[in-house]
2 protein chains.
Amino acid sequence: MPRNGKPTRDRILDNAQRLTLDKGFAATSVDEVIAASNSSKGAFFHHFPSKSDLGRALLTRYAEADVAALVAFMELAEATTEEPGEQVLEFIRLFEEIGDDIIEEQQSSCLYVSFVHDRQLTADGSTHVIEEAIRAWRTRLAQKLVAASLTRPGLTTIDLDALADHVFVTFEGAFILARATADPSAMRSQLRILRELLHALLGQPQPPG
Amino acid sequence: MPRNGKPTRDRILDNAQRLTLDKGFAATSVDEVIAASNSSKGAFFHHFPSKSDLGRALLTRYAEADVAALVAFMELAEATTEEPGEQVLEFIRLFEEIGDDIIEEQQSSCLYVSFVHDRQLTADGSTHVIEEAIRAWRTRLAQKLVAASLTRPGLTTIDLDALADHVFVTFEGAFILARATADPSAMRSQLRILRELLHALLGQPQPPG
DNA sequence: CGCGTTACAGACTGTTCGGTCTGTTTTGTA
DNA sequence: TACAAAACAGACCGAACAGTCTGTAACGCG
């Protein structure tokens, strides 16, 4: 089915994502997407019944990649150390390492930001996938924090779900900081700060007894 | 000049801000703003030569209020305690207290988010006011952190500018979390987490010597 | 090779958009 | 009260928009 290298549908999705990350979904016109992906009206509306359907497809694909990264990096962290507190710190350190690439690839932006402001997509339940992705991050991290809290007295008085969410919050906030100040290193430095803050809160693990 | 209660220009700005916070600037049409503020095409383009000029006015007004809040709350914190580390913690606690109101007033959103994605406004230097606001937060907080670092050994190895920026990052990230999960308490709980993280990092102040 | 189906191409359409223009009312001031 | 300037009202305009329609080329498969 693909005429050249990549299937048309994928080319449309790739270029639509690029344009949306750059200037937002509402400000990106269908004609622009078509032009950028060397496609046509016919091809576009063959693959996507409406612009909203493109949005849904974009968001779904993006959220899947997001959760996949969460899982992959957590497994890497688990392979590095056994102690759950250390795993969380290592998890953040891994993202810190690729912070600059994330910013470059995503043009200092996150698709979630565009779509939580889209009326159409929030009206039907399309933005639910964002909630699911957030919940995935929260669940996975909170589980580690609960395990860590058994040997880390500093965690016992803390809302561990909120603390888990703070990782997501740091990502989203850092995207905005990076974009607003045109500073690509913001993601890396904010993840580093998050790791240092967490390190201080975790403290030294206490032997049982 | 005002026919009824509030001047037309202010009514336009208020309603434009409401609509922009709700669904983004690009997705908010001039006609909508006019209808919401019971105004007319003539009135609108009398006060604002173009939609971009409305955007600039919105952004400027918003950033001014933002920096004003920074200054006001920092002064309150300074009135509560003399020690700079404690001042930072109290500063965050003050915002934590009104976290729910912030979310409600601003519909779980921040104008900065809409405008960092606007091509037109970023092309000319209009989004520079965002940078200035961010710098104001960074400067004011970093100054406190530097002072605090004299008696707080936990701060000596930390990038204090990045740590100062993390407050802004937490705000922006919390807005997105609150919007995406439809949870108005997210701002409050994230500010609380930030305060607890900072508290752990600051540690106990050491007497000189 | 025949043929239905999928994948495209691009002219076209109705609507909405930002912005203009002409005219009317209100207001500050002398 | 006269009058210029500011504040508004709303019909109007061309461009851009999302989406449609008709037609054609390529493929899968018997």
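Here the structure is a predicted model, which means the values were calculated and not measured. First the proteins, then the strands, lettered A, B, ... as listed; each starts at 1.
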Checklist entry - Would one find a side-chain N or O of B:S29 under 4.0 angstrom from OP1 or OP2 of C:dC17? => result yes

Checklist outcome for this item: Taken to the nearest whole Å, CG/A:D31 to P/D:dT20 is 14 Å

Checklist outcome for this item: Across all chains, not counting sequence neighbours, the side chain to side chain donor-acceptor pair (under 3.5 Å) partners of B:D31 are B:K41

Item to check | Partner set under side chain to side chain donor-acceptor pair (under 3.5 Å) for A:D100, not counting sequence neighbours | outcome: A:R188

Checklist outcome for this item: From CZ of A:R11 across to C1' of C:dC8 the rounded distance in Å is 11 Å

Checklist entry - At under 4.0 Å between heavy atoms, what does B:S52 touch on the DNA or RNA strands: base, sugar-phosphate, or nothing? => result nothing

Next on the checklist: If I take atom NZ in residue A:K51 and atom P in nucleotide C:dT16, what distance separates them, rounded to the nearest angstrom?
Outcome noted: 15 Å

Next on the checklist: By nearest atom, which of the nucleotides D:dA9, C:dC8, D:dA18 is closest to the A:S40 side chain?
Outcome noted: C:dC8

Next on the checklist: For DNA chain C, which residues of residues 41-50 of chain A approach it to below 4.0 angstrom with any heavy atom?
Outcome noted: A:K41, A:G42, A:H46, A:H47

Item to check | Length of the line joining B:R9:CZ and C:dT26:C1', which is rounded to integer Å | outcome: 19 Å

Next on the checklist: Quick one, A:D14 with A:R61, criterion salt bridge (Lys or Arg N to Asp or Glu O under 4.0 Å). Give me CA distance, side-chain angles, the key distance, then yes/no.
Outcome noted: CA-CA 10 Å; A:D14 291 345; A:R61 196 179 68 147; 2.9 Å; yes

Item to check | Whole-Å gap separating P (D:dA7) and NZ (B:K6) | outcome: 17 Å

Checklist outcome for this item: side chain to side chain donor-acceptor pair (under 3.5 Å) filter on B:R9, not counting sequence neighbours, yields none

Checklist entry - Residues two or more places apart in sequence or in another chain: which of them pass side chain to side chain donor-acceptor pair (under 3.5 Å) with B:S50? => result B:D53

Checklist entry - Separation of A:N38 atom CG from C:dG10 atom C1', in whole Å? => result 15 Å

Checklist entry - Are B:E90 and B:R93 within salt-bridge range, i.e. N to O under 4.0 Å? => result yes

Item to check | Pair listing, side-chain hydrogen bond (donor to acceptor under 3.5 Å, both in side chains) test, anchored in residues 169-179 of chain A, at least two apart | outcome: none

Checklist entry - Between atom CD in A:Q120 and atom P in D:dA18, what is the gap in whole Å? => result 12 Å

Item to check | Minimum-distance nucleotide to B:S39 side chain [options: C:dC8, D:dA9, C:dG18] | outcome: D:dA9

